[in-house]
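Note sheet for the following structure.
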Amino acid sequence: MNSESAISIISTTLQEWYSTHRRDLPWRTNSDPYRIWLSEIILQQTRVEQGLPYFERITHRFPDVHTLANAPIDELLKLWQGLGYYSRARNLYAAAQQVVRDFGGRFPDSYDTLLQLKGVGEYTAAAIASIAYGEAKAVVDGNVFRVISRLYALDTPTYTTEGKKQFTTLAQQLLDPSHPSEHNQALMDFGAMQCTPASPRCSDCPLQAHCLAYASDTVSQYPVRRSATPKRERFFHYLMIVNGNNTYIQQREHKDIWQHLWEFPLLEADHEMSTEEWLQDPLLAPFAQQTLRMETPVKLRHILSHQIIHALFVTLHVSGTVELPPESSWRTLSLSDLSGVAVSRLTEKFLVKSEHN
Ligand code: SF4
């Protein structure tokens, strides 16, 4: 299996498969590193079908790295809304500024220099270096782990340091150094379309004869997975105050989920508060005299990769001058401008449900 000829057959087979099955994707129309970089960042933790419209919108608004670096970050966050993992967008923005500031506006053109960009790890650097510049660097992501673990029937867990080293070495051995771009993209598509996580299409797989997992009827055992860790549960209590045509929002500033996004005033508690308990909180007390009516509270459950958010949204319609709590970062915002600020998917769901969007 490890012989040079077997390796060469696998890479050639993969590239032949790719020539007929390759996905027609907008970042494959040329080898512009900016577009490849954007696509790779968008597609981290995101399916291609979900990421495509975001890629189109972001490249339409920011056709090159200069436009992105010179725009306010809020514009990018707004375009990113709904995609999740907002640290990707913040890193994207920081990296665009690095390219303009530190690299004279030209994208770094080697694996090692690409690694200097914020948010660019080994996988993304290898993808850009091989696809845009033809550098012989193998990509190693979830798709590649899966294909290689099955081809070699490898028991080493992919999430261990040893596993990563072993898989990276094998991926690099498999790489066709004269066609790194085609080889890497072939492996990515092959993992996404043929050797899929559930129900891989082994019966018509061109690598069947070289696949040790298939030969031993153990495909479902690979790759070896980590047992799931329980998700952290959090309890968010939001207050939407409607005062005539205005409401009040604040920006999440701390290093936490949704950093830099906007939201209604929030109380996070260590348990799920009832509406009555939430209404007695000191945050709401000042509005008791001014409240005209309260809308039916909205409860939402929002699941993130490592957290479950239990949210309660209370909407109060008030009259008169609202005294903003001292030292709060609340900002007054016209209701009609709410749809223009970047908010989390959770707040977006509430706005749609309560028809305040
Ligand atoms: S035979 Fe099945 S498990 Fe093996 S590479 Fe092909 S699709 Fe993947």
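Numbering of residues begins at 1 and proceeds along the displayed sequence. Atoms within each ligand, like the ligands themselves, are counted from 1 in listed order.
Of the protein's heavy atoms, Cys211 SG, 2.4 Å lies nearest to atom 4 (Fe) of ligand 1. Regarding atom 8 (Fe) of ligand 1, its nearest protein heavy-atom neighbour is Cys195 SG, 2.4 Å.
The CG atom of Leu239 sits 10.5 Å away from the OH atom of Tyr248 when rounded to the nearest 0.5 Å.
A heavy-atom distance below 4.5 Å is not found between the side chains of Gln250 and Arg331. By the 4.5 Å heavy-atom criterion applied to side chains, Leu335 and Met240 are counted as neighbours. Using a 4.5 Å cut-off on side-chain heavy atoms (C-beta onward), Leu14 and Ser11 make no contact.
Considering every non-hydrogen atom in both Arg345 and Tyr86, the closest pair reads N-OH, 4.4 Å.
Nearest to atom 5 (S) of ligand 1 by heavy atom, out of Pro200, Ser149, Cys205, Gly191, is Cys205.
Because the distance cut-off is set at 2.8 Å, Cys202 fails to qualify as a neighbour of atom 4 (Fe) of ligand 1, as none of its N, O or S atoms comes that close.
The closest approach between Val219 and ligand 1 falls below 4.0 Å for a heavy atom of the residue.
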